[in-house]
Amino acid sequence: MKIVVGISGGSGSIYAVSLLKALKELNIETHLVVSTMGEYVTEHECGISLEELKSLATHYHDNKNFAAPISSGSFKVDKMIVLPCSMKTLSSVAHGFSDSLISRACDVTIKEGRKLILVPRETPLSPIHLENMLKLAKMNVTIFPLSPGFYNHPETIEDIIFNMTGRILDMLEIDNNLVKRWTGE
């Protein structure tokens with residue numbers, strides 16, 4: 001399996017780091033692309049440099065490199081996720097404005113009929129945000145807001161992050177044991 005992981009400038013890069021670590025442990029090939037603000041936010045929120053992020057991925061592609069393999073539909077990947085997905089990136093994807101490798105790879109994923117998951121991290125949501133999300137959802141793009149549940153009684157931030165990482169892996173159709181599954185009462 002090959003998965004493209006984009007990190008754009010929204011808050012919540014800790015989830016991307018957790019996902020990359022999980023995918024690496026599962027020996028899943030990853031193609032990482034990080035926007036300028038994604039790099040900044042990851043450093044600011046997590047204290048993790050771009051070099052450290054690169055070490056968590058199988059391949060790294062510069063966000064300005066439109067000649068990267070993931071910019072073409074002829075390069076086979078299985079799925080793509082943008083985590084976190086800024087409203088700028090979400091808008092670019094919704095309107096086919098491929099101004100970065102992240103948005104171009106999303107465009108390719110949509111046109112090739114592959115699974116695309118966008119993980120927006122914004123609140124509150126404006127009517128523009130909601131319209132863009134609806135437009136993408138109608139194109140079979142999965143919109144996966146970072147809204148953790150608390151029915152599993154998390155005790156630490158790490159519990160929340162692992163559970164959300166597990167739910168994201170579920171959406172990528174990857175078996176995992178990070179999710180505390182609901183079993184009823």
Side-chain angles (χ1 to χ4, degrees), residues 3-26 28 30-66 68 70-71 79-94 97-106 109 116-126 128-130 132-133 136 141-150 154-169 171-172 176 178-179:
I3 297 177
V4 177
V5 178
I7 300 175
S8 66
S11 182
S13 294
I14 194 161
Y15 292 106
V17 172
S18 178
L19 179 65
L20 285 167
K21 287 179 179 178
L23 292 171
K24 187 173 186 170
E25 284 180 23
L26 294 166
I28 293 174
T30 54
H31 290 260
L32 176 65
V33 188
V34 184
S35 73
T36 302
M37 284 306 296
E39 179 182 351
Y40 173 82
V41 171
T42 304
E43 176 79 37
H44 177 75
E45 290 183 351
C46 305
I48 294 176
S49 69
L50 180 59
E51 290 306 312
E52 290 173 276
L53 277 176
K54 288 179 185 180
S55 74
L56 298 174
T58 314
H59 304 281
Y60 171 77
H61 307 285
D62 187 281
N63 196 35
K64 296 175 186 154
N65 181 8
F66 287 89
I70 62 172
S71 70
K79 300 166 176 123
M80 180 172 179
I81 184 167
V82 181
L83 167 68
C85 184
S86 69
M87 290 300 110
K88 177 184 182 226
T89 299
L90 192 135
S91 177
S92 293
V93 175
F97 186 65
S98 298
D99 63 339
S100 68
L101 182 57
I102 292 174
S103 56
R104 172 60 187 164
C106 287
T109 302
L116 175 61
I117 301 169
L118 301 180
V119 187
R121 215 308 307 156
E122 185 65 78
T123 192
L125 296 168
S126 76
I128 295 169
H129 301 150
L130 293 167
N132 286 335
M133 288 182 206
L136 289 163
V141 173
T142 300
I143 306 297
F144 190 101
L146 289 171
S147 302
F150 293 92
E155 295 179 11
T156 65
I157 290 173
E158 191 173 70
D159 290 343
I160 295 168
I161 293 164
F162 284 157
N163 197 64
M164 290 301 292
T165 301
R167 292 286 291 126
I168 291 166
L169 288 169
M171 294 305 302
L172 290 167
N176 70 90
L178 294 176
V179 176

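- No option in Leu83, Val5, Thr165 other than Val5 meets the side chain to side chain contact (heavy atoms under 4.5 Å, CB included) test with Leu20.
- The shortest heavy-atom contact between Val119 and Phe144 is CG1-O, 3.1 Å.
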Do Val93 and Asn132 pass the side-chain contact (heavy atoms from CB on, under 4.5 Å) test, and can you show the C-alpha distance, the side-chain angles, and the key distance before you say yes or no?
-> CA-CA 9 Å; Val93 175; Asn132 286 335; over 6 Å; no
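- Asn65 places no side-chain N or O within 3.5 Å of a backbone atom of Leu101 that could act as its donor or acceptor partner.
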Could you walk me through whether Leu90 and His129 pass the side-chain contact (heavy atoms from CB on, under 4.5 Å) check?
-> CA-CA 8 Å; Leu90 192 135; His129 301 150; 5.9 Å; no
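- Thr156 places a side-chain N or O within donor-acceptor distance of the main-chain N or O of Asp159, the cut-off being under 3.5 Å.
- With values rounded to the nearest 0.5 angstrom, Ser8 atom OG is found 11.5 Å from Arg121 atom CZ.
- Under the 3.5 Å distance criterion, the side-chain polar atoms of Ser126 are matched with a main-chain donor or acceptor of Ile128.
- Using a distance-only test at 3.5 Å, with no hydrogens or angles considered, a donor-acceptor pair links the side chain of Thr109 to the main chain of Ala105.
- At most 12 non-hydrogen atoms from other residues, nucleotides or ligands lie less than 6.0 angstrom from NZ of Lys21.
- Here the side chain of Lys79 pairs a donor or acceptor atom with the backbone of Leu172 at under 3.5 angstrom.
- With a 6.0 Å radius and a threshold of 12 heavy atoms from other residues, nucleotides or ligands, Glu158 has its CD atom at or below the threshold.
- Ser103 and Ser92 share no side-chain donor-acceptor pair at under 3.5 Å.
- Smallest separation of non-hydrogen atoms from Gly10 and Val41: O-CG1, 3.6 Å.
- Enclosure of atom CG in Leu26 by more than 12 non-hydrogen atoms of other residues, nucleotides or ligands within 6.0 angstrom is indicated.
- No donor-acceptor distance shorter than 3.5 angstrom exists from the side chain of Asn163 to the backbone of Ile160, with no hydrogens or angles considered.
- Side-chain contact between Met171 and Ile81 is absent, with no heavy-atom pair separated by less than 4.5 Å.
- With hydrogens and angles left out, the side-chain atoms of Glu52 and Ser55 include no donor and acceptor closer than 3.5 Å.
- In this structure the side chain of Met80 never reaches within 4.5 angstrom of the side chain of Val33, judged on heavy atoms.
- Annotation for Ala94 and Leu136: closest pair CA-CD2, 3.7 Å, computed over non-hydrogen atoms.
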Taking it one step at a time, do Ser11 and Glu45 satisfy side-chain contact (heavy atoms from CB on, under 4.5 Å)?
-> CA-CA 8 Å; Ser11 182; Glu45 290 183 351; 2.4 Å; yes
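- Within a 6.0 Å sphere centred on CD1 of Ile14, heavy atoms belonging to other residues, nucleotides or ligands number 12 at most.
- A donor-acceptor pair under 3.5 Å is formed between the side chain of Thr30 and the backbone N or O of Thr58.
- Of the possible polar contacts, none joining the Thr42 side chain to the Ile48 backbone as a donor-acceptor pair under 3.5 Å is found.
- Listed here is the closest heavy atom pair of Gly9 and Ser86: N-CB, 4.0 Å.
- For the residue pair Gly166 and Val179, the shortest heavy atom distance occurs at C-CG2, 3.1 Å.
- Here the closest heavy-atom approach between residue Met87 and residue Pro120 is recorded as CE-CB, 3.4 Å.
- Looking only at side-chain heavy atoms (C-beta outward), Ile102 and Ile7 stay at 4.5 Å or farther from each other.
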Test Tyr60 against Leu53 for side-chain contact (heavy atoms from CB on, under 4.5 Å), laying out the working first.
-> CA-CA 9 Å; Tyr60 171 77; Leu53 277 176; over 6 Å; no
